[in-house]
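To start, the structure itself, in structure tokens.
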Amino acid sequence: MHPTATIHALWTHMQSRDWPALASLLADDVVVEWPVSAERIRGKDNYIRVNAEYPEGWSIKILRVLDAGDHVVSEVEVPHATLGTHRVVSLWTVRDGLVTRGREYWTELGADPSPAWRAPYVERF
């Protein structure tokens, strides 16, 4: 499977909560880092459990997946019924059809307030 197809499948399986299918895309020793919360997840079982136990009410919308060979960048939106809407930019390494590394930047839309001095130069969305 091409690396971008692997990442499309990863998000699709995550959305459908198909944890065995998700596991089939991860190397046993996968390492995924979340720099915003300063956390590192080691191993496919831990990565699956963290996602499977996240409070229900979420969905995933794939916004884009960019191909850079064995490296893939994805941007997804994750609206949650009570926790707000998050955006995630993920940097993935895929080798032989398996995700071996990831670095995911999770943020809630509007969580970083814009300073007043920028107001003349920007527009809110």
Side-chain angles (χ1 to χ4, degrees):
M1 182 182 312
H2 190 277
T4 56
T6 299
I7 298 308
H8 271 284
L10 176 139
W11 290 119
T12 299
H13 297 322
M14 187 109 44
Q15 168 60 33
S16 66
R17 279 65 160 178
D18 187 344
W19 309 121
L22 178 61
S24 75
L25 301 174
L26 303 172
D28 289 339
D29 60 350
V30 67
V31 175
V32 178
E33 296 176 337
W34 291 349
V36 174
S37 58
E39 295 173 284
R40 180 176 295 123
I41 306 163
R42 291 189 184 276
K44 90 164 120 180
D45 292 337
N46 288 333
Y47 184 73
I48 290 168
R49 293 311 324 146
V50 163
N51 286 286
E53 295 191 24
Y54 193 83
E56 269 303 330
W58 54 272
S59 61
I60 293 173
K61 177 182 177 187
I62 299 171
L63 301 176
R64 72 181 91 193
V65 177
L66 305 173
D67 179 6
D70 287 348
H71 302 283
V72 179
V73 177
S74 65
E75 179 185 12
V76 300
E77 186 170 270
V78 185
H80 189 284
T82 58
L83 299 176
T85 299
H86 291 80
R87 284 276 173 90
V88 186
V89 172
S90 304
L91 310 169
W92 302 106
T93 302
V94 180
R95 296 226 164 74
D96 300 321
L98 297 176
V99 175
T100 60
R101 291 197 67 84
R103 180 170 285 194
E104 297 187 290
Y105 294 89
W106 286 77
T107 188
E108 186 175 356
L109 292 184
D112 187 14
S114 57
W117 69 264
R118 282 200 308 240
Y121 315 110
V122 302
E123 61 185 56
R124 302 287 298 162
F125 69 93

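- At a threshold of 4.5 Å between non-hydrogen side-chain atoms, the residues Glu33 and Arg101 count as touching.
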Residue pair Trp106, Ser37: steps toward the side chain to side chain donor-acceptor pair (under 3.5 Å) verdict: CA-CA 8 Å; Trp106 286 77; Ser37 58; over 6 Å; no
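- Using a 4.5 Å heavy-atom cutoff, the side chains of Tyr47 and Arg42 are not in contact.
- Remark: Glu104 CD to Trp92 CH2 distance equals 3.5 Å, nearest 0.5 Å.
- Using a 4.5 Å heavy-atom threshold, the side chains of Ile7 and Val94 count as touching.
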Walk me through whether His2 and Asp67 qualify under side-chain contact (heavy atoms from CB on, under 4.5 Å). CA-CA 9 Å; His2 190 277; Asp67 179 6; 3.2 Å; yes
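- Here Leu22 contributes atom CG and Ser24 contributes atom OG; the two are 7.5 Å apart, rounded to the nearest 0.5 Å.
- In this structure a side-chain-to-backbone donor-acceptor pair under 3.5 Å is present from His80 to Pro55.
- Between His13 and Leu25 there is a side-chain heavy-atom pair separated by less than 4.5 Å.
- In this structure, Tyr105 and Leu91 have side chains that are in contact, with non-hydrogen atoms separated by less than 4.5 Å.
- Residues Ser59 and Gln15 have side chains in contact (heavy-atom distance under 4.5 Å, counting atoms from C-beta outward).
- The pair Arg87-Glu108 does not count as a salt bridge, with every side-chain nitrogen at least 4.0 angstrom from each carboxylate oxygen.
- In this structure, NE2 on His71 lies 5.0 Å from OG1 on Thr93, to the nearest 0.5 angstrom.
- Connection of Met14 to Ile62 is established within a shared hydrophobic cluster, with ILVMFWY side chains joined at heavy-atom distances below 4.5 Å, either directly or through further cluster members.
- A distance of 8.0 Å separates CD1 of Ile60 from CG of Leu10, quoted to the nearest 0.5 Å.
- Residues Lys61 and Glu77 are not paired through a salt bridge, judged by the lack of any N-O separation under 4.0 Å between the basic side chain and the carboxylate.
- Side-chain contact check for Leu98 versus Thr6: every heavy-atom pair is 4.5 Å or farther apart.
- Remark: Arg17 qualifies as a cation-pi partner of Trp58 under the 6.0 Å distance and 45° angle criteria applied to the six-membered ring.
- The shortest side-chain heavy-atom distance between Val32 and Arg103 does not fall under the 4.5 Å cut-off.
- Cluster annotation: Val76 is connected to Val50 through the hydrophobic network of ILVMFWY side chains, with a link wherever side-chain heavy atoms come within less than 4.5 Å.
- In this structure, the separation between CE on Met1 and CG on Asp96 is 12.5 Å, given to the nearest 0.5 Å.
- Rounding to the nearest 0.5 Å places CG of Leu26 at 11.5 Å from CG of Asn46.
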